[in-house]
Each structure stands twice: as C-alpha cells, then as structure tokens.
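Sequence lines set the chain letters: A, B, ... in the order given, protein chains first and strands last, and positions in each chain run from 1. Predicted model only: the values in this text are computed from it and were never measured. The basis for the numbers below is simple: all heavy atoms, side chains too, and nothing from hydrogens, waters or symmetry mates.
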Amino acid sequence: MGERGSAVLSAREQLDILREGVVEIIKEEELEAKLERSVREGRPLKIKQGFDPSAPDLHLGHAIGLRKLRQFQDLGHTVIVIIGDYTGMIGDPTDRSETRPKLTHDEVQANARTYTKQLHKILDPLKTEVVMNGDWFSKMSFAEVMDLAGRYTVARILERDDFTNRFQNQQPISIHELFYPLMQGYDSVAIKADVELGATEQKFNCLVGRELQKAYGVEQQVVMLLPVLEGTDGVRRMSKSIGNYIGIDESPKEMYGKTMSIPDTMIIRYFELATVVGSEEVAAVRRELEGSEANPRDTKRKLARAIVSLYHGPEAAVSAEQEFDRIFAKGGLPDEIPEPHVVLKGRPDERGGVWIVALLTGAGLTKSNGDARRLIKQGGIKLDGSPVTNVDSEVPLDEPHLLQVGKRRFAKILPERVTYDGRED
RNA sequence: GGGGGGGUGCCCGAGUGGCCAAAGGGAACAGGCUGUAAACCUGUCGGCAUCGCCUUCGGAGGUUCGAAUCCUCCCCCCCCCA
C-alpha cells in the first residue's frame with residue numbers, strides 16, 4: 001500500500017474526516033472497528049462503488065461519491081470500482097423506462113475505458129482498481145445462481161420502494177429484475193468489500209450486499225450513503241437520461257452555462273454538494289443570499305466559477321465567464337462558431353441566392369422547414385446580426401454569412417461548404 | 001386455464017364514427033422582461049415553398065362517403081381468480 005506509509009491517521013481521526021457530508025453510515029461502530037484494524041495491521045480497506053456500463057458520462061452527482069472515495073484513498077485505502085456489465089444487462093429497475101439495447105463486449109470495454117478516464121479526474125489512479133462484474137457472473141453455473149437466489153426472499157426484495165411502486169402502478173416487473181439487487185449485493189461478496197459507497201437511493205441494494213456477505217460467510221460491509229444531487233431543473237435527481245446533468249468531462253463554457261441555468265433556490269445546495277468550499281464559506285453564501293443587497297446572479301456566478309475551476313482550473317473558469325457574459329449579457333458571439341457542411345435540395349436561383357429556410361435546415365440549425373418558418377415569425381433568427389423577418393428571404397452565397405438561432409445556436413455559412421444534392425425540381 | 005382493464009404525439013394523459021394533427025399538463029424551443037440559459041409573462045411545439053395536401057393514435061386486415069374511435073386476427077402490458 002504505502003507510497004506514503006508514514007503519517008497514518010488514527011481511526012478516530014479518519015472517521016471524523018469520512019463522516020463529513022455523509023447522510024448515513026450503517027453502521028458507524030463497524031466502520032470505526034474496521035479503521036482501527038486497518039491502522040493496527042497496516043492493511044487498507046476495500047471501498048466499493050459500482051457503475052452502470054451503459055452511460056459513461058459521469059456528472060456532478062457522481063462526483064459527490066467520487067470525492068468521498070478520494071478521501072478514502074488519501075487516507076491510504078483502496079478503491080474498487082465495479083463496472084456492472086452483467087447487472088447492466090438488466091438495467092437498474094429504478095429507471096426502467098427505456099428498453100436498453102444489449103451492449104456488446106466491445107462496447108462495454110470501450111465504456112469502461114471512458115469511465116476510467118473520467119474517474120481519474122477525481123480518483124488516484126494508483127489506488128483505483130476497475131473490475132467488471134462479468135468477471136465472476138459469467139463463470140457462475142446455474143446451480144450457483146440458484147444458490148444465490150435461495151439466499152434471499154421475494155418479500156424482502158419487494159420491500160424495495162421501486163418495486164412496490166411499480167407493482168401498485170400496474171407496471172411490469174420482470175423476474176430477472178428482481179436479481180438486480182442480488183447481483184449488486186453479490187459483487188460485495190466477490191470482492192469482499194469493507195465499505196460500499198452509494199447515493200441514498202442505493203440504500204436497499206447496499207444493504208442486500210450486507211445480507212449476502214453474511215449468508216456467504218464474508219465479513220459484512222459498511223454502507224455509506226451520500227446525498228443525491230438534483231439536476232439543473234432543480235427537481236429531479238441529476239441523471240444523464242433525464243438530460244438535466246452537468247458532466248465532469250464537459251467543456252468549461254457548457255459547465256458554466258448549465259450552472260447558470262439552475263434555479264436560484266438550488267444555489268446553496270450546489271455549493272454544498274458540487275463544490276469543495278468549506279462549511280463556513282457556504283454559511284457566508286447563505287447569508288449573502290438571505291440579505292437583500294447581493295444579487296443572486298452574482299452568487300450564482302461565483303458558484304459557476306467554483307464548479308468550472310474544480311474540473312478545468314481557475315483560468316478556464318474566468319474565460320468561461322467572459323464568454324458567457326459576451327453571449328448572454330451583451331448578445332455577442334462565442335469564441336468558436338461551427339462551420340457546418342450544408343446540403344441543399346435543388347439548386348440556387350440565378351443570382352446564386354438560397355432560401356433562408358432551406359439554409360437553416362440544411363445547416364442543422366432547425367429541425368425542419370416548418371420549424372425554421374416558425375422561428376423566423378417569432379423573431380428568433382438573425383442573419384449577420386440583424387433579425388430576419390421575411391420567411392421568403394433569399395441569401396446570396398457569394399460570401400460567408402453568420403446565422404443565429406435564439407441566443408445559443410450559431411453557424412457560419414461558408415459558400416464552399418454548401419453543396420446541392422442535384423435533385424431536379 | 002378463466003374473468004376484467006389497457007396500449008394515443010418527446011413524456012404523462014383526455015378523446016369511443018365526422019367539429020381530431022387530436023383537449024390538458026410537463027419537458028423543450030422562441031420572444032418579452034430581468035438579475036442569468038433563474039423567476040415571471042406571451043407564443044410555438046408531425047411534415048410539406050406557407051391556411052390546402054401528406055403521414056400519425058400497438059401491428060395487419062376489414063366495415064363505412066368518412067375510423068384514434070366499429071369489426072376480425074395478431075403482438076405487448078396490468079389486475080383478480082385458479
């Protein structure tokens with residue numbers, strides 16, 4: 001373990017650090033005992049956290065847990081990240097809305113690499129092991145599966161809220177979905193986890209892990225539950241599939257902009273969960289917001305800078321802010337404007353002009369011609385900086401033009417990147 | 001195996017022969033305002049060179065001048081009984 005084997009903190013001191021920001025520890029005495037033994041025997045604890053293999057975009061919600069894992073690492077412990085390639089074949093029953101396409105082995109491998117890359121933005125690569133639960137599940141015989149299934153009861157599985165709700169709402173539950181908690185729990189058996197980290201909504205699954213470890217004669221893990229961060233809508237939990245997430249791998253300006261779009265009521269919450277500012281500073285922010293002097297916008301700017309700095313550094317945060325001001329406060333242009341390849345049906349008119357509506361759609365700025373018409377009528381389209389009011393406008397393609405939809409969508413139309421699909425009439 | 005209920009646009013959800021491209025809500029997008037891509041207000045929200053036409057209401061057929069709405073078969077989901 002120790003490339004820094006020297007100053008190991010006492011169990012008590014470690015516990016004090018680890019407890020911070022945690023919603024619940026089951027059970028704290030056990031964690032303390034494990035830490036004590038770890039210190040005494042100079043043996044790191046194994047900290048487990050699992051991830052779904054299908055959605056490799058980690059976001060600020062995941063980061064809460066990752067920072068906690070990082071704390072464990074900094075205290076000398078080992079983190080084992082489990083990519084649930086087998087559990088992913090089921091999909092967590094929590095959000096079983098889409099039927100997930102089965103991932104191929106190669107796709108899972110690719111996703112695992114993407115994960116690892118993102119994980120290393122927060123975790124210490126030297127103390128992080130990434131494994132897939134297919135490593136053990138693919139080798140299990142049917143008899144072993146039956147044995148696993150025999151160690152838990154239907155009634156206990158149905159205690160889980162999601163199942164109960166779905167049952168009551170007359171939504172389908174497939175039998176293999178009942179295996180999800182068992183499989184996640186068995187992961188803990190397989191790696192002999194000392195601690196499993198999860199968001200509060202994972203409580204049930206993590207506790208199944210404890211039960212199964214007991215059933216299999218493995219020392220029980222401690223369950224450490226962390227808060228769930230709301231997404232940019234301020235209501236539902238941050239999630240890729242809902243689309244209300246801020247990814248830790250996103251560009252500074254996306255991060256900055258998305259942060260600015262959270263409801264004002266979420267500012268404190270984000271300071272607490274999405275940044276690393278201390279509790280006194282959060283308290284100061286709270287006072288600032290409650291007092292009437294400060295403009296919440298400025299507090300939110302501070303938040304956005306803090307978040308961007310965390311992942312991209314302070315300079316990037318400053319330039320993201322400048323760009324944001326330029327575009328939104330002053331209605332200016334971004335640094336980089338896409339120059340799409342435009343394919344048009346038919347051909348230009350004699351003067352080399354192209355119908356504005358077709359151009360917008362061809363450039364991918366609007367979904368359809370109808371969409372483009374509507375936006376023009378609503379005054380949402382600008383050509384070279386001035387609003388387009390006439391749906392029938394022709395744009396001469398003798399020189400580059402700047403097209404803008406709303407405040408956020410831009411495209412530079414270069415004549416040499418416009419082609420015609422040659423369709424006659 | 002028996003009985004009952006249900007599958008509608010991105011999501012939820014009304015609609016049981018023409019007034020339905022389909023109410024309402026949410027999401028999203030645009031405009032206004034502002035303190036920001038907050039909040040609030042207004043508008044838009046299947047496609048088409050634009051008020052008429054085309055393609056949508058699980059799938060395939062059929063009845064009808066006309067079907068999301070009726071009939072037949074099929075697929076899927078839920079509940080109750082066994």
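Between B:C45 and B:A23, the two C1' atoms lie 15 Å apart (nearest whole Å). Spacing between B:U8 and B:A21 at atom C1', rounded to whole Å, works out to 12 Å. One C1' atom belongs to B:G3, the other to B:C54, and the distance between them is 43 Å to the nearest Å. Comparing B:G47 with B:G59, their C1' atoms sit 23 Å apart, to the nearest whole Å. B:U56 sits 13 Å from B:U69 when the P atoms are compared, rounded to a whole Å. Of the C1' atoms belonging to B:U63 and B:C78, the separation is 31 Å, rounded to the nearest Å. The separation of B:A22 from B:A30, taken at their P atoms, amounts to 24 Å, rounded to a whole angstrom.
A:Asp392 comes within contact range of at least one nucleobase, with a heavy-atom separation under 4.0 Å. Residue contacts for A:Arg373: at a heavy-atom cut-off of 4.0 Å it reaches a base atom on one of the strands shown. Among the atoms of the strands shown, only primed sugar atoms or phosphate atoms (P, OP1, OP2) are found under 4.0 Å from some heavy atom of A:Arg409. Residue A:Gly379 is classed as a sugar-phosphate contact, given heavy-atom separations below 4.0 Å to backbone atoms only. At the heavy-atom level, A:Pro263 lies under 4.0 Å from the strands shown only through sugar-phosphate atoms.
B:G1 is paired with B:C81 under the Watson-Crick or G-U wobble criterion, all donor-acceptor distances under 3.5 Å. With a cut-off of 3.5 Å on both Watson-Crick or G-U wobble distances, the partner of B:U36 is given as none. Pair check for B:A30 finds B:U42; Watson-Crick or G-U wobble, both atom distances under 3.5 Å.
For the pair A:Arg70 and A:Asp74, the salt-bridge criterion is met [side-chain N within less than 4.0 Å of a carboxylate O]. Checked for salt-bridge contact, A:Arg286 and A:Glu272 meet the test: a charged N lies under 4.0 Å from a carboxylate O. Ion pairing between a basic and an acidic side chain is recognised when a charged N comes within 4.0 Å of a carboxylate O; A:Arg19 and A:Glu28 show such pairing.
Residue A:Arg374 contributes atom CZ, which lies 14 Å from atom P of B:C51 at whole-angstrom precision.
In this structure, A:Ser368 reaches the B:G47 phosphate: one of its side-chain N or O atoms is under 4.0 Å from OP1 or OP2. An OP1 or OP2 oxygen of B:A37 is reached within less than 4.0 angstrom by no side-chain nitrogen or oxygen of A:Arg301.
Contact of A:Asp264 with B:G35 (side chain to base): a donor-acceptor pair of N or O atoms is detected under 3.5 Å.
Taking all atoms of both residues into account, the shortest heavy-atom contact from A:Arg210 to A:Gln221 is NH1-O, 2.8 Å.
Residue whose closest nucleotide on RNA chain B sits further toward the 5' end, between A:Asn369 and A:Val405: A:Val405.
Below 30°, between 30° and 60°, or above 60°: for A:Phe72 and A:His77 the angle between ring planes is above 60°, a perpendicular geometry.
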